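Structure first, then comments.
Everything numeric in this text was worked out from a predicted model, so none of it was measured.
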Amino acid sequence: MTVWQYQRLLTRRLLQWSLFSLGMGVVLTRGRSLWRGVGGQFIGWALVNMGIAYFGTRSANQRQKALADPQTSAVVTKEAYNLRLLLWVNTGLDLLYLRGGRWLIKRGNYGTGLGIILQSLFLFLFDLYHAANVPDEGASPDASDL
């Protein structure tokens with residue numbers, strides 16, 4: 001699998017999670033107070049992740065089309081490095097979101113806090129898995145190539 005195919009797979013999976021979250025959010029907002037808070041978070045995170053999936057796909061497609069040969073070793077190595085870096089950064093951010101959800105629960109905002117924890121836990125595992133499996137484990141590009 002090329003890094004370009006992997007990016008499309010990654011954004012397709014994120015979109016699938018977003019659609020699941022959106023559907024669950026709609027169902028959960030019809031429940032009791034706790035579940036309404038969780039559902040609201042599911043809907044909010046779904047919309048943000050849909051945007052990330054859309055713009056991620058669009059950006060990758062535009063970069064690939066703009067290159068004379070998107071399969072050269074240097075291009076593939078650079079794309080893989082950048083994607084891996086982005087996913088590792090997101091993995092770290094997911095840990096911060098987990099802490100934020102915990103903080104909200106400690107302050108009595110159980111539904112919102114639980115919704116954030118559930119979403120960020122999934123995204124932590126999602127980003128961690130995908131960062132560890134980006135194809136082309138080539139060396140990082142020179143700083144001048146970034």
Side-chain angles (χ1 to χ4, degrees), residues 1-67 70-71 74-141 143 145-146:
M1 174 177 292
T2 69
V3 69
W4 302 107
Q5 292 167 325
Y6 191 75
Q7 287 177 327
R8 284 190 282 281
L9 174 68
L10 174 70
T11 55
R12 188 170 52 250
R13 287 176 176 169
L14 183 60
L15 181 59
Q16 289 168 340
W17 170 252
S18 300
L19 293 172
F20 171 79
S21 292
L22 184 62
M24 285 300 298
V26 168
V27 169
L28 291 170
T29 57
R30 296 181 179 157
R32 293 182 177 230
S33 179
L34 171 76
W35 297 114
R36 282 195 305 271
V38 173
Q41 284 301 309
F42 271 52
I43 291 169
W45 286 72
L47 296 174
V48 169
N49 286 326
M50 282 179 192
I52 290 170
Y54 171 76
F55 288 108
T57 299
R58 186 173 171 203
S59 173
N61 288 340
Q62 287 175 343
R63 281 194 318 281
Q64 188 177 13
K65 287 177 185 176
L67 296 166
Q71 299 304 331
V75 168
V76 169
T77 299
K78 180 180 173 183
E79 282 296 315
Y81 174 82
N82 289 340
L83 179 58
R84 194 175 298 109
L85 179 63
L86 175 67
L87 289 166
W88 284 122
V89 168
N90 283 345
T91 301
L93 291 172
D94 296 332
L95 292 173
L96 292 176
Y97 304 145
L98 278 166
R99 288 185 59 94
R102 183 172 172 247
W103 182 84
L104 286 170
I105 287 174
K106 283 180 144 184
R107 276 145 189 80
N109 199 337
Y110 301 109
T112 300
L114 180 59
I116 291 171
I117 286 173
L118 293 173
Q119 286 290 319
S120 57
L121 180 60
F122 172 83
L123 291 171
F124 171 78
L125 296 171
F126 181 91
D127 291 334
L128 180 67
Y129 172 82
H130 287 97
N133 290 289
V134 173
D136 179 43
E137 291 293 329
S140 63
D145 292 336
L146 297 175

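Using a 4.5 Å cut-off on side-chain heavy atoms (C-beta onward), Ile52 and Thr11 make no contact. Between Leu10 and Leu87 the shortest side-chain heavy-atom distance falls below 4.5 Å. Side-chain atoms of Arg63 and Arg58, non-hydrogen and from C-beta on, never get closer than 4.5 Å to each other.
How far CG of Asn133 is from CG of Leu9: 10.5 Å, rounded to the nearest 0.5 Å. To the nearest 0.5 Å, atom CG of residue Leu83 and atom NZ of residue Lys78 are 13.5 Å apart. Atom OH of Tyr6 is separated from atom CE of Met1 by 8.0 Å, given to the nearest 0.5 angstrom. Taking CE of Met24 as the start and CG of Leu118 as the end, the distance is 9.5 Å to the nearest 0.5 Å. Expressed to the nearest 0.5 Å, how far OG of Ser120 lies from CG of Asp94 amounts to 6.5 Å.
Checking Arg8 against Gln64 by side-chain atom types alone, a donor-acceptor pair falls below 3.5 Å. Remark: the Gln119 side chain and the Ser21 side chain contain an N/O donor-acceptor pair separated by less than 3.5 Å. Counted by atom type alone, Arg13 and His130 present one or more donor-acceptor pairs between their side chains at under 3.5 Å.
Partner of Val3 under the side chain to side chain contact (heavy atoms under 4.5 Å, CB included) criterion, chosen from Asn82, Thr77, Val76, Val75: Val76.
A pairwise comparison of heavy atoms in Ala60 and Trp4 identifies O-CZ3, 3.5 Å as the closest pair. Heavy-atom minimum distance, Leu14 versus Asn49: CD2-O, 3.7 Å. In plain terms, the two heavy atoms of Thr91 and Leu128 that are nearest each other are OG1-N, 3.5 Å.
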Could you go through Phe20 and Gln16, starting from their C-alpha distance and side-chain angles, then the distance that decides it, and tell me whether this counts as side-chain contact (heavy atoms from CB on, under 4.5 Å)? CA-CA 6 Å; Phe20 171 79; Gln16 289 168 340; over 6 Å; no

Evaluate the side-chain contact (heavy atoms from CB on, under 4.5 Å) criterion for residues Leu19 and Met50: first the C-alpha distance (whole Å), next the side-chain angles of each, then the deciding distance (0.1 Å), finally the verdict. CA-CA 8 Å; Leu19 293 172; Met50 282 179 192; 3.5 Å; yes

Could you go through Asn90 and Phe124, starting from their C-alpha distance and side-chain angles, then the distance that decides it, and tell me whether this counts as side-chain contact (heavy atoms from CB on, under 4.5 Å)? CA-CA 8 Å; Asn90 283 345; Phe124 171 78; over 6 Å; no

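Taking the ring centroids of Trp17 and Phe122, they lie under the 6.0 Å cut-off.
In this structure Tyr97 satisfies the ring pair (Phe, Tyr, Trp, His ring centres under 6.0 Å) test together with Trp45, sequence neighbours excluded.
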Side chains of residues 102-115: which donor-acceptor partners sit under 3.5 Å, not counting sequence neighbours?
residue : atom : partner : partner atom : Å
Arg107  : NH1  : Trp103  : O            : 3.4
Asn109  : OD1  : Thr112  : OG1          : 3.2

Below 3.5 Å, can you tabulate the donor-acceptor pairs from side chains in residues 25-37 to any protein atom, sequence neighbours excluded?
residue : atom : partner : partner atom : Å
Thr29   : OG1  : Gly25   : O            : 3.3
Thr29   : OG1  : Val26   : O            : 2.8
Arg36   : NH1  : Gly31   : O            : 2.9

